[in-house]
Protein chains: 2
Amino acid sequence: MHGRCHKPRRSRRARRRGAVRMFLQPCLLTLLRRGPAHGYSLLSGLTDFGFEVERMDPSVVYRMLREMESQGLVVSSWDADSLGPQRRVYRLTAAGEETLRDWIADLRRTRAEIDALLQAYEQTTTN
Amino acid sequence: MHGRCHKPRRSRRARRRGAVRMFLQPCLLTLLRRGPAHGYSLLSGLTDFGFEVERMDPSVVYRMLREMESQGLVVSSWDADSLGPQRRVYRLTAAGEETLRDWIADLRRTRAEIDALLQAYEQTTTN
DNA sequence: TTGTCTATTGATAAATTGTCAATAGACAAA
DNA sequence: TTTGTCTATTGACAATTTATCAATAGACAA
């Protein structure tokens with residue numbers, strides 16, 4: 001048939017509730033903290049943080065990486081000795097480290113807010 | 001001067017990171033679980049969950065309430081014996097209770113994901 | 001020489017959130 | 001009694017974030 005492996009047709013499913021906004025960014029920053037990496041390997045690494053990578057569109061990750069680069073949080077270069085197509089290798093910058101620190105603080109706060117709600121819920125369990 | 005109390009000019013500040021998407025909805029549902037209430041009182045109740053109510057635009061809350069009503073999660077009626085302007089009193093429906101249960105499950109999952117990231121961060125503390 | 005896999009880019013639609021402006025009843029002060 | 005202020009609500013629209021689809025391209029295997 002056509003030269004397309006027809007994907008499982010990620011059918012318009014309801015967006016997940018309760019997810020953290022822009023959560024992708026701190027996840028990528030954390031992964032890059034372990035060392036330089038390119039988009040595709042970062043994509044797989046996201047499973048660690050609860051992403052369902054199979055259902056994710058890779059363009060989401062690439063877009064975020066390029067945006068992060070435009071903000072100076074990462075820098076990219078072409079991997080010299082790679083087989084296959086050229087791939088961009090991303091590396092964390094000092095600014096990226098700092099932004100990640102801010103993110104961590106925000107996430108602790110967010111966690112506390114979620115806890116507040118969960119506790120409020122449990123306390124008013126009327127049924 | 002004009003009949004407007006000039007607000008502190010909620011100046012275009014960077015949107016907070018690390019907030020949960022649509023967090024407002026489960027907060028309102030939880031507040032309504034304690035009993036019927038109208039928009040303005042719900043607005044104040046949000047402080048419990050980390051919202052900075054002074055900086056919030058009330059229209060955000062009203063919009064959410066109306067959307068929740070259109071989804072059948074709450075029903076509203078006009079408060080008969082209210083002083084001042086008429087106000088809509090919202091009451092939680094069975095569907096609302098159920099949606100809140102789903103939210104709680106989602107939020108527990110979200111919290112687990114945040115924890116995973118925080119742990120990953122702490123484990124790779126290279127500096 | 002066609003197809004498949006990895007890797008990346010771009011455009012656009014849809015959903016969510018933020019901001020501003022307007023209306024309206026009650027009440028207090030001038 | 002008219003002006004202003006407070007509570008309460010609605011509507012419109014801009015900005016941001018997220019999802020989806022379509023396309024390109026090198027390497028390699030059949």
Side-chain angles (χ1 to χ4, degrees), chain A residues 1-27 37-44 51-53 55-71 76-90, chain B residues 1-25 27 37-44 46 51-53 55-71 76-90:
Chain A
M1 318 323 178
H2 305 100
R4 310 273 298 106
C5 53
H6 52 155
K7 298 186 182 177
R9 190 53 68 194
R10 234 182 330 274
S11 62
R12 171 149 7 272
R13 63 204 183 81
R15 222 189 267 222
R16 263 199 65 200
R17 282 164 304 195
V20 177
R21 308 169 63 224
M22 303 218 61
F23 192 51
L24 184 57
Q25 182 170 115
C27 291
H38 55 274
Y40 233 72
S41 70
L42 290 169
L43 185 62
S44 351
F51 287 86
E52 301 181 71
V53 174
R55 301 200 210 172
M56 267 191 94
D57 192 307
S59 72
V60 173
V61 172
Y62 289 113
R63 196 199 312 128
M64 179 58 80
L65 285 168
R66 272 175 288 147
E67 204 209 300
M68 280 161 48
E69 179 156 39
S70 82
Q71 292 171 0
S76 73
S77 55
W78 292 105
D79 188 358
D81 45 36
S82 70
L83 310 175
Q86 289 242 291
R87 39 190 204 175
R88 246 177 224 295
V89 174
Y90 289 92
Chain B
M1 321 329 180
H2 304 100
R4 311 269 302 106
C5 53
H6 52 154
K7 298 188 183 177
R9 187 53 66 196
R10 238 182 328 274
S11 62
R12 169 152 2 275
R13 63 205 184 82
R15 223 190 266 222
R16 261 200 66 198
R17 283 166 307 198
V20 177
R21 309 167 71 233
M22 302 217 61
F23 192 51
L24 183 57
Q25 182 169 115
C27 290
H38 55 276
Y40 232 72
S41 69
L42 291 168
L43 184 62
S44 349
L46 289 173
F51 287 86
E52 302 181 69
V53 175
R55 300 200 211 171
M56 269 192 93
D57 193 306
S59 72
V60 172
V61 171
Y62 289 112
R63 197 204 301 136
M64 179 58 82
L65 285 168
R66 271 175 289 149
E67 204 208 301
M68 282 161 49
E69 178 157 39
S70 82
Q71 293 170 0
S76 72
S77 55
W78 291 105
D79 188 358
D81 44 37
S82 69
L83 310 175
Q86 288 243 292
R87 38 189 206 178
R88 246 177 225 294
V89 174
Y90 289 91

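Chain identifiers are assigned alphabetically (A, B, ...) following the order of the sequence lines, protein sequences preceding nucleic acid strands; residue numbering begins at 1 within each chain. Keep in mind it's a predicted model, so treat the numbers as computed, not measured.
Taking a pair to require two hydrogen-bonding distances under 3.5 Å in either a Watson-Crick or a G-U wobble arrangement, C:dT16 pairs with D:dA15. In a base pair of the Watson-Crick type (N1 to N3 plus N6-O4 or O6-N4) or a G-U wobble (N1-O2 and O6-N3), with each distance short of 3.5 Å, D:dA27 is matched with C:dT4. In this entry D:dT10 has C:dA21 as its Watson-Crick or G-U wobble partner, both defining distances falling under 3.5 Å.
Between A:Arg21 and A:Gly39, the residue whose closest nucleotide on DNA chain C is further toward the 5' end is A:Gly39. Comparing A:Ser41 and B:Val60 by the nucleotide of DNA chain C that holds the closest heavy atom to each, the one mapping nearer the 5' end is A:Ser41.
For the atom pair CG of B:Asp57 and CZ of B:Arg63, the computed distance is 8.5 Å after rounding to the nearest 0.5 Å. The structure places OH of A:Tyr62 at 7.0 Å from CG of A:Leu43, a figure rounded to the nearest 0.5 Å. Atom CE of residue A:Met56 and atom CG of residue A:Leu24 lie 5.0 Å apart, to the nearest 0.5 angstrom. One distance of note links CZ of B:Arg16 with CZ of A:Arg21; it measures 9.5 Å at 0.5 Å rounding.
Taking atom CD on B:Glu52 and atom C1' on C:dT17, their separation rounds to 16 Å, with Å as the unit. For the pair A:Asp57 CG and C:dA7 C1', the computed distance is 13 Å after rounding to whole Å. Here the P atom of nucleotide D:dT9 and the OH atom of B:Tyr40 are 9 Å apart, to the nearest Å. Here the C1' atom of nucleotide C:dA24 and the CH2 atom of B:Trp78 are 11 Å apart, to the nearest Å. Rounded to an integer number of Å, the gap from B:Arg55 CZ to C:dT17 P is 18 Å. If you measure from atom CG of B:Leu24 to atom C1' of C:dG18, you get 13 Å, rounded to the nearest angstrom. With rounding to whole Å, A:Leu42 atom CG is found 16 Å from C:dT6 atom P. Atom C1' of nucleotide C:dT8 and atom CE of A:Met64 are separated by 17 Å, given to the nearest angstrom.
The side chain of B:His38 places no N or O atom within less than 4.0 Å of a non-bridging phosphate oxygen (OP1 or OP2) of D:dT9. The side chain of A:Arg63 contributes no N or O atom lying less than 4.0 Å from OP1 or OP2 of C:dT8. Phosphate proximity of D:dT9 to B:Tyr62: present, with a side-chain N or O under 4.0 Å from OP1 or OP2. Side-chain nitrogen and oxygen atoms of A:Arg66 include at least one within less than 4.0 Å of the OP1 or OP2 phosphate oxygen of C:dT9.
With C:dT19, D:dC21, D:dT18 as the candidates, the nucleotide lying closest to the side chain of A:Met22 is D:dT18. If you check C:dT17, D:dT10, C:dT9 against the side chain of A:Arg88, the one that comes closest is C:dT9.
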Q: Check the pair B:Trp78, B:Arg88 against side-chain contact (heavy atoms from CB on, under 4.5 Å), reporting the backbone distance first and the verdict last.
A: CA-CA 5 Å; B:Trp78 291 105; B:Arg88 246 177 225 294; 3.7 Å; yes

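Summarising the geometry of B:Gly39 relative to B:Val61, their closest heavy-atom pair is O-CG1, 4.3 Å, with the distance given to 0.1 Å.
Between the side chain of B:Arg16 and the base of C:dG18, no donor-acceptor pair under 3.5 Å is found. The base of C:dG18 does not come close enough to the side chain of B:Ser59 for any donor and acceptor atom to sit less than 3.5 Å apart.
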